[in-house]
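Input: a single structure, listed below in structure tokens.
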Protein chains: 2
Amino acid sequence: MSPNDLNEPGPSKQSLTAEAWAAAALDVMAVGGLEAVAVEPLARKLNVTKGSFYWHFPNREALVKAALALWEQRETVDVVSGLDQEPDPYQRIVNLFKRANSSHKAGRLYLALAAATDDVRVNEVVQRVSARRLAYLEKCYRALGMGAEEAPLWATFAYATFIGNQQVHRDTPHTFPAGPKFREYFKLMLRTLIPQ
Amino acid sequence: MSPNDLNEPGPSKQSLTAEAWAAAALDVMAVGGLEAVAVEPLARKLNVTKGSFYWHFPNREALVKAALALWEQRETVDVVSGLDQEPDPYQRIVNLFKRANSSHKAGRLYLALAAATDDVRVNEVVQRVSARRLAYLEKCYRALGMGAEEAPLWATFAYATFIGNQQVHRDTPHTFPAGPKFREYFKLMLRTLIPQ
DNA sequence: AATTGCCCATACGCTGGCGTATTGATACAT
DNA sequence: ATGTATCAATACGCCAGCGTATGGGCAATT
């Protein structure tokens, strides 16, 4: 969303907002997981001290909550606004896949959050977001003329595949198809996962 | 592997071994991730003090290394020994899928490790294990008569799908197909991912 | 009986992150 | 100019986990 002008150089005498803290929390979460959302390290990264933090938030808990809320809102808005105006259901699924395989950062963030589902609050949010995505996919498949029996299965199948792609791409970047190979791979997935 | 007789009741006056510590480390890792591999909490769980731990290991680092080695060995042995004696390549892939969707614990463990790939040592091991699995899958597809161009793509596709299944199943257990639905889902994946 | 080696308990200091309390600085309003 | 609200710095105590040092129990050996 906001191209973060924080980090090293940061004069940026603009006062920090709570949302800026939440966004920064998501940033580090994408790299270091939930545990990386720590007050003092974050403050250092933002070139302030925790004195600032505890003005905006009562405690670390609140920051995590805010970050999760921000993430959920981003994801939900993304899905609903961007994609739903495409009339063709086939193209809608294609767009979903494109999006999933493009924004690296969002992918890493999802995986980081999904890895922290031992935390109850995280689990709730991840479940909601995943359920929404699944429901959306199912709707697409039904719009393609698929029955109420098959559609959920195909939706789960497709969703699992593109979550798995993010995972595999992150874990073994070397073996993951790249360049022209990727375009082939992409087409293969599409024609396999969208029966018509 | 070993049905852990540790935990609460534990009289078990058998002295602990380094491998027992490593196994316990993997256990907690499957639930709480890499950060959960902490010396003192683990010692409590094993009904000893860290005095024991620091006899077997020089430090936490060594424990993590040992746990990773144990995991890699388990995974590799699993893949090579159990599956490779099946002659039919089709059935081999089926067995792989069955295995992936059966042992919950192993799945959670993989996801936990994959989530900690910011740690260099973890990343190396995960990469090796994933690469081995992918290579194995590719060999299966080639044995099915697939060309050197297509086989890696299908292997990646299949691997991503069953990694994604573990992920989705963990993150949204409610929406994941269960019981008879799952058998349908399973068959759908098989006939889609194994062209013949 | 004494010794040696294996395995673990206890006690200690160190570090990093959490949360609080207090003070400081800048902007804006009056 | 002076006061007030907003945002941040500093200093403090607390806790949990890491690593060390040292000693204790309990075999097996001699």
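Below, read A as the first sequence line, B as the second, and so on, with proteins coming before strands; counting in each chain starts at 1. These numbers were taken from a predicted model, which means no experiment stands behind them.
With DNA chain D read from its 5' end, the first of the two nearest nucleotides for A:V48 and A:E40 is the one closest to A:V48. Mapping B:W21 and A:E61 onto DNA chain C by nearest heavy atom places B:W21 closer to the 5' end of the strand.
Following rounding to the nearest Å, A:L42 (CG) and C:dG16 (C1') show an atom-to-atom distance of 15 Å. Look at OH on B:Y54: it is 15 Å from P on C:dC8, rounded to the nearest Å. Atom CG in A:N59 sits roughly 17 Å away from atom P in D:dC15 (whole-Å rounding). A straight line from CZ of A:R44 to P of D:dA8 spans 17 Å, rounded to a whole angstrom. The distance from atom CZ of B:F53 to atom P of D:dC18 is 8 Å, rounded to the nearest whole Å. The interatomic distance linking B:R60 (CZ) with C:dG16 (P) rounds to 15 Å, in whole Å. Protein atom CG of B:L34 is 15 Å distant from nucleotide atom P of D:dG17, rounded to whole Å. Spacing between atom CZ of B:F57 and atom P of C:dC6 amounts to 17 Å, rounded to whole angstrom units.
When distances are taken from the side chain of B:K50 to each of D:dA11, D:dA8, D:dT20, the shortest belongs to D:dT20. Comparing D:dT10, C:dC18, D:dC7 against the side chain of A:W55 picks out D:dC7 as the nearest.
Side-chain N or O atoms of B:T117 include one that pairs as donor or acceptor with a backbone N or O of B:A114 at under 3.5 Å.
Put simply, A:H56 has a side-chain N or O that comes within less than 4.0 Å of OP1 or OP2 on D:dA8.
Below 30°, between 30° and 60°, or above 60°: for B:F97 and B:F162 the angle between ring planes is above 60°, a perpendicular geometry.
A salt bridge does not link B:D27 with B:K45: none of the charged nitrogens is closer than 4.0 Å to a carboxylate oxygen. Using a cut-off of 4.0 Å between Lys/Arg side-chain N and Asp/Glu carboxylate O, A:E75 and A:R128 are scored as not salt-bridged.
Here the rule is side chain to side chain donor-acceptor pair (under 3.5 Å) with A:H104, and of A:H169, A:R170, A:Q166 only A:H169 fits it.
Helix-axis bend for the helix from C:dA1-D:dT30 to C:dT30-D:dA1: the local axis fitted to the five terminal pairs at one end deviates from that at the other end by 10°, rounded to 10°.
A distance of 6.0 Å or more separates the ring centres of B:Y54 and B:F57.
Judged by distance alone, the side chains of B:Y110 and A:D171 do bring a donor and an acceptor atom under 3.5 Å apart.
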